[in-house]
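Note sheet for the following structure.
Computed from heavy atoms alone, side chains included, the values below leave out hydrogens, waters and symmetry copies.
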Amino acid sequence: DDIASDNARTLLNNLLTGANIGGFADRKPTDPLILDIVPQTVGTLTQHSLRIARKRANGELWDVEQYPVRDPVQTEFLVSVMLHDYEKTQTNLALLHDLLKDIYLRQDILLIGDMGTGKDWIEDILATLLQQPLATLSVNEHTRPRHFTQHEVIQKNLNVLVDSPNVQAMRPGNGFWVRYDEVNKAEPGTLAVVNNILAYRFITLPDGDELQADERFRVWMNMNPMRPPYMNYEMSGEFIDRPVKHVVDYVPEDEEAAMLHGSSPTVGLEICKRLAKAAKRLRDIYRGRVPGHALPHPPSRRTLEKIVDRL
């Protein structure tokens with residue numbers, strides 16, 4: 001009761017993230033999650049919503065969340081095209097479920113995870129399912145504030161300011177999502193621009209004008225863990241507390257084997273299990289969990305899929 005209301009969400013988010021890291025994620029409901037597209041007829045119009053829910057043994061749905069999509073034209077096909085049946089593992093659906101709730105609450109989102117855990121993939125899936133344009137700004141140690149605002153180019157012998165993907169996404173009437181990829185590679189001074197966006201939803205352009213973000217504008221940020229072998233800058237507590245945080249990890253070994261078998265059914269499940277087991281071992285080496293061994297890059301799911309495609 002003594003906690004200020006504007007700090008409650010941050011505190012709760014930190015506690016939940018800590019619980020997830022600490023191994024309490026298995027205390028979530030055990031009923032399986034389902035994901036589908038639901039048509040709804042309103043008068044003579046048919047609208048579509050993305051539905052994700054838990055399904056009891058008797059077929060009853062509960063913990064149901066539905067989200068309208070922008071464009072109903074091809075929506076009924078998107079789940080089967082963008083999210084194949086073999087990708088609908090409980091780990092993937094649980095993450096989608098949590099992220100959709102944050103989208104509904106109009107939160108900016110930070111995904112933390114190792115290389116190849118599927119951070120970009122999950123964002124692309126959600127953007128496609130909800131028909132939401134998604135711009136990407138790749139961040140590195142050479143990124144400067146102008147990369148988030150506008151930069152000069154020469155057109156017809158004149159210096160012209162051109163919008164960054166971030167400004168394009170913010171402009172009124174657009175309201176896109178924008179992804180800051182590997183955000184913790186930027187120097188702290190650069191992220192001051194982003195902090196204003198997260199806190200106050202505006203950005204100051206080079207000419208001094210302030211651009212207020214469209215209400216539909218949302219920020220997605222990806223970062224690798226703050227440990228070797230990643231070369232990252234420490235981010236301030238003020239900055240890191242702005243978005244909702246989710247830890248994205250590799251799917252469990254049994255789910256990964258089933259996904260590999262689903263992507264290439266002609267490859268035996270036992271072979272896929274051996275591949276998934278080997279991948280887990282290599283990832284443990286990459287993370288420094290196997291003394292005396294080192295690995296520069298972990299095998300991603302995409303790498304494993306390419307292997308089974310060639311078997």
Side-chain angles (χ1 to χ4, degrees), residues 16-36 52-57 63 65 79 82-102 109-126 129 222-225 227 229-230 244-290 293 295 297-309 311:
L16 291 176
T17 300
N20 184 43
I21 295 171
F24 294 97
D26 57 347
R27 299 191 182 184
K28 293 180 179 179
T30 56
D31 287 337
L33 285 157
I34 59 102
L35 175 73
D36 57 11
I52 190 163
R54 294 192 178 273
K55 189 174 185 179
R56 302 188 194 279
D63 196 13
E65 301 283 348
V79 170
M82 290 303 299
L83 195 66
H84 302 284
D85 285 338
Y86 62 81
E87 293 176 313
K88 297 179 188 177
T89 70
Q90 289 306 292
T91 300
N92 288 339
L93 291 181
L95 180 57
L96 280 169
H97 189 250
D98 292 343
L99 291 173
L100 283 166
K101 287 184 177 180
D102 290 329
I109 298 171
L110 171 63
L111 301 185
I112 307 169
D114 279 296
M115 184 188 305
T117 51
K119 300 184 292 294
D120 288 351
W121 175 79
I122 205 78
E123 292 159 352
D124 291 340
I125 289 291
L126 283 168
L129 290 175
N222 297 343
M223 64 174 277
N224 296 319
R227 57 167 169 76
Y230 303 109
V244 173
K245 294 173 284 296
H246 292 269
V247 176
V248 183
D249 203 352
Y250 301 106
V251 297
E253 191 176 317
D254 58 336
E255 288 188 13
E256 186 155 51
M259 289 171 65
L260 292 172
H261 182 58
S263 67
S264 297
T266 57
V267 178
L269 179 59
E270 286 305 313
I271 294 177
C272 294
K273 287 181 178 179
R274 290 168 60 188
L275 277 171
K277 184 176 182 179
K280 182 180 183 304
R281 171 71 173 175
L282 292 171
R283 290 163 183 161
D284 284 344
I285 293 173
Y286 172 74
R287 288 170 161 175
R289 297 175 180 172
V290 182
H293 295 78
L295 193 69
H297 299 288
S300 66
R301 197 191 83 192
R302 289 187 296 271
T303 299
L304 299 182
E305 288 180 347
K306 290 176 182 177
I307 291 173
V308 296
D309 282 345
L311 294 178

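- Residues passing the side-chain contact (heavy atoms from CB on, under 4.5 Å) test with Gln90 are Pro32, Leu33, Leu93, Glu255, sequence neighbours excluded.
- Looking at His261, its side chain does come within 3.5 Å of a backbone N or O of Val267 through a donor-acceptor pair.
- By the side chain to side chain donor-acceptor pair (under 3.5 Å) test, Asp309 is found to be paired with Ser264, residues two or more places apart in sequence or in another chain being considered.
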Intermediate values then yes/no, side-chain contact (heavy atoms from CB on, under 4.5 Å), Leu111 and Leu99: CA-CA 10 Å; Leu111 301 185; Leu99 291 173; 4.0 Å; yes

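- From His97, atom NE2 reaches atom CG of Asp102 across 11.0 Å, with rounding to the nearest 0.5 Å.
- Looking at Glu270 and Lys273, a side-chain N of the basic residue comes within less than 4.0 Å of a carboxylate O on the acidic one, giving a salt bridge.
- Contact annotation: the side chain of Arg281 approaches that of Val290 to within less than 4.5 Å [non-hydrogen atoms, C-beta and beyond].
- In plain terms, the two heavy atoms of Ala276 and Ala257 that are nearest each other are CB-N, 3.9 Å.
- Nearest heavy atoms, Leu295 versus Pro298: CD2-CA, 4.4 Å.
- Nearest heavy atoms, Ser300 versus Gly116: CB-CA, 3.7 Å.
- Legend: residues meeting side chain to side chain donor-acceptor pair (under 3.5 Å) with Lys55, ordered by chain and number and at least two apart, are absent.
- Interatomic distance, Asn222 CG to Leu110 CG, rounded to the nearest 0.5 Å: 8.0 Å.
- Under 4.0 Å is where a charged nitrogen must lie from a carboxylate oxygen, and between Arg54 and Asp31 no such pair does.
- A heavy-atom distance below 4.5 Å is found between the side chains of Glu305 and Leu260.
- Among pairs with a residue in residues 109-118, those fulfilling salt bridge (charged side-chain N to carboxylate O under 4.0 Å, His left out) read Asp114-Arg227, Asp114-Arg287, at least two apart in sequence or across chains.
- Taking the ring axis of Trp121 as reference, the NZ or CZ atom of Arg301 stays within 45° of it and closer than 6.0 Å to the ring centre.
- Between atom NE2 of residue His246 and atom CD1 of residue Ile122 there is a gap of 10.5 Å, rounded to the nearest 0.5 Å.
- Once rounded to the nearest 0.5 Å, the distance linking OG1 of Thr91 with CG of Asp254 reads 8.0 Å.
- Separation of atoms CG (Asn92) and CE (Met259) is listed at 5.0 Å; rounding is to 0.5 Å.
- The NZ atom of Lys245 sits 10.0 Å away from the CE atom of Met223 when rounded to the nearest 0.5 Å.
- The 12-atom threshold is exceeded at CZ of Arg56, counting heavy atoms of other residues, nucleotides or ligands nearer than 6.0 Å.
- Listed by chain and number, the residues in a side-chain contact (heavy atoms from CB on, under 4.5 Å) with Ala279 are Glu256, Arg283, Pro299, Leu304 (sequence neighbours excluded).
- Using modelled atom types, no side-chain atom of Lys119 and backbone atom of Val248 make a donor-acceptor pair closer than 3.5 Å.
- Looking at residues two or more places apart in sequence or on another chain, you find a side chain to side chain donor-acceptor pair (under 3.5 Å) between Tyr286 and Tyr230.
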